[in-house]
Amino acid sequence: MLRSCTAGLRSLWALCGRREGAPRLSTDLPPAPRLFSTEKVIHKDWSLPNPSWSKDFKLLFDQFMKKCEDGSWERLPSYKHRSTQKSEDFKTYFLEPKLVKEERVSQVQLFTRGFEDGLGFEYVIFSNNDEKRTVCLFQGGPYLQGIPGFLHGGAMATMIDTALGSCAAIPGGIVMTANLNINFKRPVPICSVVVINSQLDKLEGRKLFLSCNVRSVDEKTLYSEATGLFIKLDPEKSLT
Ligand SMILES: CCCCC/C=C\C/C=C\C/C=C\C/C=C\CCCC(=O)SCCNC(=O)CCNC(=O)[C@H](O)C(C)(C)COP(=O)(O)OP(=O)(O)OC[C@H]1O[C@@H](n2cnc3c(N)ncnc32)[C@H](O)[C@@H]1OP(=O)(O)O
């Protein structure tokens, strides 16, 4: 199985919604000053197929791309370094610049996109905003091994968090994970493709309650089930 894997990284953040008296809505905020160098930015979208993707992965990807044609679904792009308005807002309103040492700034990148093609997290997320759900197609590469032959539970948790987070972002605002509960039901073989179906179950003020399941492509195996609580950040509250 390892050999069949070619050796070769949003979503959360819809823009800050306006609350009564709250000054923040990205569209009417002044341009955020840049805290991070963008000189070395590579604008590659990592959620597109590469040679490490299995046949199953490409087939499913094509099926979802077809669903995007009528506008009901959209593919969420994914970047290693790229600054988006949402990430600039986050840095401006929630991040203390001094927390990140200057010499480290040029090294920052999205955790899930830090591996070479096929070795780590290969994934793409499709979002259905009307139905408030997302589907994440995920192929975990050989560098994500835990028990021999199987995906590390922490790697699965990372993808579940990412998938749920992308769904929590649908109503708008910058959200963070406050609670994540996962039931691991079956181990996930390394390099296999799994489908993470996430949905927004309840919205209560700044609290977003979500759930998801992780299944095999043929839907016969239920690998994991999870629930998550995400909190929409209050621009008037410091994170530190
Ligand atoms: C991470 C955001 C970055 C944004 C960047 C933008 C763009 C980037 C672009 C692309 C990125 C793409 C993909 C990223 C994919 C995945 C990212 C994974 C997500 C994470 O990796 S994220 C890191 C882990 N995450 C934390 O590091 C959170 C630490 N934490 C805190 O920073 C605070 O805890 C916070 C802010 C969560 C809340 O703080 P707060 O002060 O705003 O809110 P407060 O405490 O008042 O709670 C309000 C109401 O929620 C209830 N409540 C709170 N927590 C609860 C709990 N655990 N259980 C039950 N109820 C809870 C209260 O009881 C109250 O309820 P009520 O209103 O009913 O009284």
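Order of appearance sets the numbers: ligands from 1, and atoms from 1 within every ligand. In what follows, residues are counted from 1 in the order of the sequence shown.
- The contact set between ligand 1 and S87, taken as ligand atoms under 4.0 Å from a residue heavy atom, comprises 6 (C), 7 (C).
- Atoms of ligand 1 found under 4.0 Å from any heavy atom of D161, numbered from 1 in the order shown, are 18 (C), 19 (C), 20 (C), 21 (O).
- When non-hydrogen atoms are compared, ligand 1 lies under 4.0 Å from neither the backbone nor the side chain of E204.
- Note: F138 and F121 have parallel aromatic rings, judged against thresholds of 30 and 60 degrees for the angle between ring planes.
- Not a single N or O atom of D234, backbone or side chain, sits closer than 3.5 Å to an N or O atom of ligand 1.
- Annotation: cation-pi geometry not satisfied between K58 and F61 (NZ/CZ under 6.0 angstrom from ring centroid, within 45° of ring axis).
- The closest non-hydrogen atom to atom 55 (C) of ligand 1, taken over L229, L233, L208, T162, comes from L229.
- Taking the six-membered ring where tryptophan is involved, the planes of F94 and F90 are tilted, since the angle between them lies from 30° to 60°.
- Checked against a 3.5 angstrom limit, the closest N/O atoms of A178 and ligand 1 fall inside it.
- Evaluation of the salt bridge (Lys or Arg N to Asp or Glu O under 4.0 Å) rule for E69 yields K66 as partners, not counting sequence neighbours.
- Contacts between I231 and ligand 1 below 4.0 angstrom, taking non-hydrogen atoms only, involve the side chain exclusively.
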Original post:
Step by step, would you call N181 with N179 a side-chain hydrogen bond (donor to acceptor under 3.5 Å, both in side chains)?
Top reply: CA-CA 7 Å; N181 286 295; N179 182 274; 2.7 Å; yes
**OP:** Quick one: do F209 and F230 satisfy ring pair (Phe, Tyr, Trp, His ring centres under 6.0 Å)? Show the steps, please.
**Re:** CA-CA 7 Å; F209 297 87; F230 287 72; over 10 Å; no
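- Within the 4.5 Å cutoff, side-chain heavy atoms of S52 are placed close to those of Q139.
- Judged as a salt bridge (Lys or Arg N to Asp or Glu O under 4.0 Å), and not counting sequence neighbours, R215 has no contacts.
- At under 3.5 Å, a nitrogen or oxygen of T177, whether backbone or side chain, sits near a nitrogen or oxygen of ligand 1.
- Residue-ligand proximity, I174 to ligand 1, at heavy-atom distances under 4.0 Å covers atoms 4 (C).
- Per-residue contacts place L239 under 4.0 angstrom from the following atoms of ligand 1 (heavy atoms of the residue considered): 32 (O), 36 (C).
- Residue contact check: K207 has heavy atoms under 4.0 Å from atoms 49 (C), 50 (O), 51 (C), 65 (O), 66 (P), 68 (O) of ligand 1.
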